[in-house]
Amino acid sequence: MRQGRWRFLTRRVGFYLATAWSAITLNFLIPRLMPGDPASVIVRQLQRQSGESVSPETVAAIQKLFGDPRAGLLQQYGDYLVSIARLDFGLSVSRFPTPVGELLGAGLPWTLLLVGTTTVIAFLLGTGLGIAAGWKPGGRLDGFLSPMSTFLSALPYFWVALIALYVFGLVLGWFPLGGGFDPDLYGGPGFLGSVLEYLVMPAATIVFSAFGGWLLGMRNMMVTAVSEDYVLLGRAKGLSSGRVMFRYAARNALLPSVTGFAMAIGGVLGGALLTEIVFSYPGIGYLLYDAVSKRDYPLMQGVFLLTTLTVLLANFVADSVYVMIDPRTREAGR
């Protein structure tokens with residue numbers, strides 16, 4: 001059994017490495033298939049700022065940083081792979097000469113704090129309520145929670161966020177309208193409280209919109225699990241309802257949600273885009289929005305690559321965990 005497990009995981013490692021290489025290659029090719037190039041963009045920006053022509057020496061230095069379009073594609077690809085291996089994503093065009101890696105490092109903690117925390121809260125809340133609703137299908141709790149979660153899942157997130165921003169931020173004034181913290185408190189004793197104050201409204205809108213999906217998925221799995229023979233056997237043996245619910249039914253019904261949770265964690269970076277734009281939150285999503293609006297190709301490449309590799313890593317972790325807890329996965333992979 002152990003040999004089969006390692007054989008399965010080895011195949012998955014090969015698959016994810018090939019997928020990562022494909023993603024890196026596409027990340028290299030797509031910007032170069034677009035009209036123009038980053039070096040030309042920054043040369044034009046320098047010309048507009050100074051009102052004078054840029055010297056050939058400066059143009060050559062910029063092309064060395066951003067890639068000379070006259071160089072062969074293979075040479076550019078080799079240089080790109082070497083840079084990626086060194087975690088060197090180049091320099092931002094819109095915030096020249098700040099390195100892209102520095103911008104990603106500054107935005108990543110904010111995204112992990114906002115979307116990572118809310119994903120965990122939405123998963124725990126939705127899964128817990130789904131267990132309770134699915135334990136007695138058709139009961140009062142199920143009759144209330146199931147339609148409510150369907151309604152919440154159908155609401156567009158941007159609509160919920162804008163309504164919350166208008167009501168709680170603008171009309172009632174309970175929370176700040178945008179940003180991640182109060183600049184006047186940066187580094188001071190009240191900084192942490194300021195971060196939490198700015199976090200509440202965007203976090204609450206994400207949880208409000210997301211937990212219904214987890215609830216419905218877990219509720220449906222519980223409805224199937226409570227009719228299984230092992231659950232009926234547990235009841236026939238006179239075990240307590242709580243033990244049969246959590247040890248017998250919920251434990252088996254939870255397996256698909258574990259995979260979904262790992263994939264949701266992997267999609268944290270990509271899923272932050274809309275939230276951070278609406279609330280001007282200083283994370284990776286807002287960074288991508290800023291890069292696209294200013295045609296900052298190196299920064300876009302860095303965000304796309306970070307998002308892709310994070311999703312692949314999370315999926316690999318999900319595969320590894322799943323194959324450990326469910327032998328049927330190994331059998332299906334042979």
Side-chain angles (χ1 to χ4, degrees), residues 19-20 22-42 45 65-67 80 83-84 87-119 122 156-162 165 177-181 195 198-199 201-203 205-206 209-210 263-315:
T19 306
S22 302
I24 291 172
T25 303
L26 286 175
N27 204 39
F28 165 80
L29 287 176
I30 290 176
R32 283 161 178 79
L33 296 177
M34 299 170 68
D37 61 275
S40 300
V41 171
I42 194 132
Q45 285 183 350
L65 288 171
F66 292 103
Y80 175 73
S83 299
I84 294 298
L87 299 180
D88 178 10
F89 302 101
L91 303 179
S92 167
V93 172
S94 60
R95 307 181 192 192
F96 186 81
T98 306
V100 169
E102 184 177 318
L103 294 173
L104 295 178
L108 186 60
W110 294 100
T111 296
L112 293 178
L113 174 66
L114 172 63
V115 192
T117 304
T118 53
T119 300
Y157 171 74
F158 71 92
W159 187 81
V160 175
L162 290 175
L165 198 62
L177 292 174
F181 57 90
V195 170
Y198 279 74
L199 178 68
M201 191 158 60
T205 56
I206 293 177
S209 301
M263 295 180 69
I265 289 291
V268 159
L269 298 184
L273 179 63
L274 201 55
T275 308
E276 295 180 359
I277 291 175
V278 172
F279 292 98
S280 302
Y281 203 76
I284 294 295
Y286 193 78
L287 203 60
L288 177 60
Y289 168 73
D290 195 41
V292 171
S293 62
K294 296 177 180 175
R295 297 184 179 180
D296 190 341
Y297 292 150
L299 185 54
M300 280 191 278
Q301 279 185 294
V303 174
F304 288 146
L305 190 60
L306 179 64
T307 304
T308 304
L309 295 181
T310 303
V311 171
L312 290 177
L313 179 62
N315 287 347

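- The nearest pair of heavy atoms linking G179 to P282 is C-CD, 4.0 Å.
- Taking CG from L103 and CG from L108, the interatomic distance works out to 12.5 Å, rounded to the nearest 0.5 Å.
- The closest side-chain heavy-atom distance from I206 to T275 is below 4.5 Å.
- For the atom pair CZ (F279) and OG1 (T205), the distance works out to 4.0 Å, reported to the nearest 0.5 Å.
- With values rounded to the nearest 0.5 angstrom, D290 atom CG is found 7.5 Å from L299 atom CG.
- Taking both residues in full, the closest heavy atoms of T119 and V115 are given as OG1-O, 2.6 Å, listed atom of the first, atom of the second, then distance.
- In this structure, G180 and Y281 approach most closely via the heavy-atom pair CA-CE1, 3.9 Å.
- Heavy-atom minimum distance, Y286 versus I277: CD1-CA, 4.0 Å.
- Minimum interatomic distance between T308 and A23 (heavy atoms only, all atoms of both residues): CG2-CB, 3.4 Å.
- Taking the centre of each ring, Y198 and W110 stay at or above the 6.0 Å mark.
- Of the inter-residue distances, the one linking L288 atom CG with T307 atom OG1 reads 7.0 Å to the nearest 0.5 angstrom.
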Audit row: I24, Y80, side-chain contact (heavy atoms from CB on, under 4.5 Å) steps and yes/no: CA-CA 9 Å; I24 291 172; Y80 175 73; 3.6 Å; yes
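- Between the OG1 atom of T19 and the CG atom of L309 there is a distance of 11.0 Å, given to the nearest 0.5 Å.
- Shown here for G285 and E276, the closest heavy-atom pair between the two residues is N-OE1, 2.6 Å.
- Considering only heavy atoms from C-beta on, V195 comes within 4.5 Å of L113 through its side chain.
- L306 contributes atom CG, which lies 9.0 Å from atom OG1 of T111 (distance to the nearest 0.5 angstrom).
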